[in-house]
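Below is one structure, written out as structure tokens; the observations come after it.
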Amino acid sequence: MEHTRTIEPSAPVLSRTHLLAVIGAGLLWGTGGLCGALIIDRTGLAPLGVAAYRLAIGGGLVVGWLLLTGRLHRLRLHGRGARRLVALGLLAAMYQSCYFAAVSLTSVSLATLITLGSSPVLVVAAEGLLGRQRPDARTGVAVTTAVAGLALLVGTPAAGDPAAVLAGTACALGSAAGFATITMLGARPVDDLGPLPTAGLSFCVGGLVLLPLAAVTGGVAVDLEPSTLGLLVFLGLAPTALAYGLFFTGLRSVATGSAALIALLEPLTAAVLGVVVLDERLGAGGLAGAVLIGVAVLLTSLRRSRPTTTADDGVSPLGRPGRGTRPGPHPTSARRRRP
């Protein structure tokens, strides 16, 4: 009788795939600030309303996909997994609302650069304090290079109200703390929740938290124009559902500090889009800073990945039981099956 064997990708292949996933997430995130700014300009929505729509639409799209494909009812959600989803949802609500507040107070480039530029420092510092992983020399050089690039980029912001810039900087730092915590939690999956279900379900929680607050503080009414709806759907899909699904996938083997550094592709993308679309100016110092951040991303991309992290019962990135695994804390790499 013929036997079949399911072969899992090798560790180097998985590491490269996860690295590309984090890179893709960073590029997609770079479109979020611009899209949010366009929505604010066209609809008059407050930043909290934009953040609420982003999470609710992104989470709703993922849940709808899981329902259509029959994967939602196969998820086994226990107490620990439910608590993780609530925590990620609240952190996402904090991160998104602070981020869009910073965008409205300053600019797309400045808000994104402070948020993502501070996150790697916070992640590396937290890892060192918790004793989980001490930064090596390459990580130290990459973080220092990234901070230097950030200083050059932030050192030449467009003229604006100093009070608004200060408030925007505080919001961006709060957003950075939220993102850093999401990064560290995302590297430790629980139950059978894959990256995409984790992103979708947690964002539904965050959206449900923010929508009532947005309705009370600034309103959530928008004109149902095709262009506005298209921007809202794009905001929920590309820089939210897809980007975070890719990011949580990459965190299975990419170290958290490295992932936070690679996410600096977002400010680079946002800066380019800000110049091209919003006519924001980036001087020589800003260009030099962009180069330094690119060098930092390259340095951390060449770093050796950590061992692949899976959920307790060994699941695939999309949240269904992975082929070649058996339920339990010690999944196998391949399984023979009889036809």
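Starting from 1, each residue takes its place in the sequence as its number. Values below: all heavy atoms of this structure, side chains included; hydrogens, waters and symmetry mates excluded.
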(request) Might you work through the side-chain contact (heavy atoms from CB on, under 4.5 Å) test for Thr43 and Leu231, ending with a clear yes or no? (result) CA-CA 11 Å; Thr43 65; Leu231 285 172; over 6 Å; no

(request) State the CG-CG distance between Leu55 and Leu235, to the nearest 0.5 angstrom. (result) 9.0 Å

(request) Using atom types as modelled and distance alone, determine if a side-chain donor or acceptor of Arg74 lies under 3.5 Å from a backbone N or O of Gly70. (result) yes

(request) Evaluate the side-chain proximity of Val62 to Pro197: yes if any heavy-atom separation is below 4.5 Å, no if none is. (result) no

(request) Answer whether the closest heavy-atom distance between the side chains of Ser227 and Arg42 falls below 4.5 Å. (result) yes

(request) Looking only at non-hydrogen atoms, find the nearest pair between Leu292 and Thr145 and report the distance. (result) O-CG2, 3.2 Å

(request) Mind running side-chain contact (heavy atoms from CB on, under 4.5 Å) on Val22 and Leu246 for me, showing each step along the way? (result) CA-CA 6 Å; Val22 175; Leu246 288 172; over 6 Å; no

(request) State yes or no: do Tyr99 and Val220 share one hydrophobic cluster built from I, L, V, M, F, W and Y residues joined by side-chain heavy-atom distances below 4.5 Å, directly or via other members? (result) yes

(request) With rounding to the nearest 0.5 Å, note down the distance linking CD1 in Ile23 to CG in Leu19. (result) 4.0 Å

(message) Looking at every non-hydrogen atom in both residues, tell me the closest pair between Leu45 and Ala221 and how far apart they are.
(response) CD2-O, 4.1 Å

(message) For the CG atom of Leu66 and the CG atom of Leu75, what is their distance to the nearest 0.5 Å?
(response) 6.5 Å

(request) Enter the distance from Leu28:CG to Leu265:CG here, rounded to the nearest 0.5 Å. (result) 11.0 Å

(request) Calculate, to the nearest 0.5 Å, the distance between atoms CD1 and OG belonging to Ile182 and Ser202 respectively. (result) 7.5 Å

(request) Flag yes if Ile39 and Leu211 sit in one hydrophobic cluster, no otherwise; membership is Ile, Leu, Val, Met, Phe, Trp, Tyr, and two members link when side-chain heavy atoms are under 4.5 Å apart. (result) yes

(message) Would the distance check show the side chain of Thr69 and the main-chain N or O of Trp65 forming a donor-acceptor pair, the cut-off being under 3.5 Å?
(response) yes

(request) Determine, stepwise, if the pair Leu242 / Leu237 fulfils side-chain contact (heavy atoms from CB on, under 4.5 Å). (result) CA-CA 6 Å; Leu242 292 179; Leu237 179 62; 4.1 Å; yes

(request) Kindly indicate whether the side chain of Pro195, heavy atoms from C-beta on, has any atom under 4.5 Å from the side chain of Arg252. (result) yes

(message) Over 60° means perpendicular and under 30° means parallel, so tell me whether Tyr244 and Phe247 are parallel, tilted or perpendicular.
(response) perpendicular

(message) I need the minimum non-hydrogen distance between Ala52 and Leu210, along with the two atoms involved.
(response) CB-CB, 3.6 Å

(message) Tell me whether Val277 shares a hydrophobic cluster with Leu232, the cluster being built from Ile, Leu, Val, Met, Phe, Trp, Tyr side chains joined at under 4.5 Å.
(response) yes

(request) Check whether any side-chain heavy atom of Leu105 lies under 4.5 Å from a side-chain heavy atom of Val165, and answer yes or no. (result) no

(request) Return yes if some donor-acceptor pair links the side-chain N/O of Ser118 with the main-chain N/O of Thr115 below 3.5 Å, else return no. (result) no

(message) With clusters defined by side-chain heavy atoms of hydrophobic residues (ILVMFWY) lying less than 4.5 Å apart, directly or transitively, does Phe234 cluster with Val272?
(response) no

(request) Compare every heavy atom of Ala46 with every heavy atom of Gly218, then report the nearest pair and how far apart it is. (result) CA-CB, 4.4 Å

(message) Quick check: do Leu261 and Val124 have side-chain heavy atoms less than 4.5 Å from each other?
(response) no

(message) Determine whether a donor-acceptor pair (N or O, by modelled atom type, separation under 3.5 Å) exists between the side chain of Thr106 and the backbone of Ala102.
(response) yes

(message) List the residues meeting side chain to side chain donor-acceptor pair (under 3.5 Å) with Thr240, not counting sequence neighbours, and say none if there are none.
(response) Arg54

(request) May I ask you to test the Phe248-Leu196 pair for a side-chain heavy-atom distance under 4.5 Å? (result) no

(request) Taking all non-hydrogen atoms of both residues into account, name the closest pair between Ala93 and Gly206 and its distance. (result) CB-O, 4.1 Å

(request) May I have the step-by-step check of side-chain contact (heavy atoms from CB on, under 4.5 Å) for Val63 and Leu72, ending in yes or no? (result) CA-CA 7 Å; Val63 171; Leu72 186 62; 4.1 Å; yes

(message) Please give me the minimum heavy-atom distance between Ala142 and Ala296, naming the atom from each residue.
(response) O-CB, 3.3 Å

(request) Treating Ile, Leu, Val, Met, Phe, Trp and Tyr as nodes and any side-chain heavy-atom pair under 4.5 angstrom as an edge, say whether Leu208 and Leu61 lie in one connected cluster. (result) no

(message) Tell me if the aromatic rings of Trp29 and Phe179 count as close, with their centers under 6.0 Å from one another.
(response) yes

(message) Nearest 0.5 angstrom please: Arg84 CZ to Arg188 CZ, how far?
(response) 6.0 Å

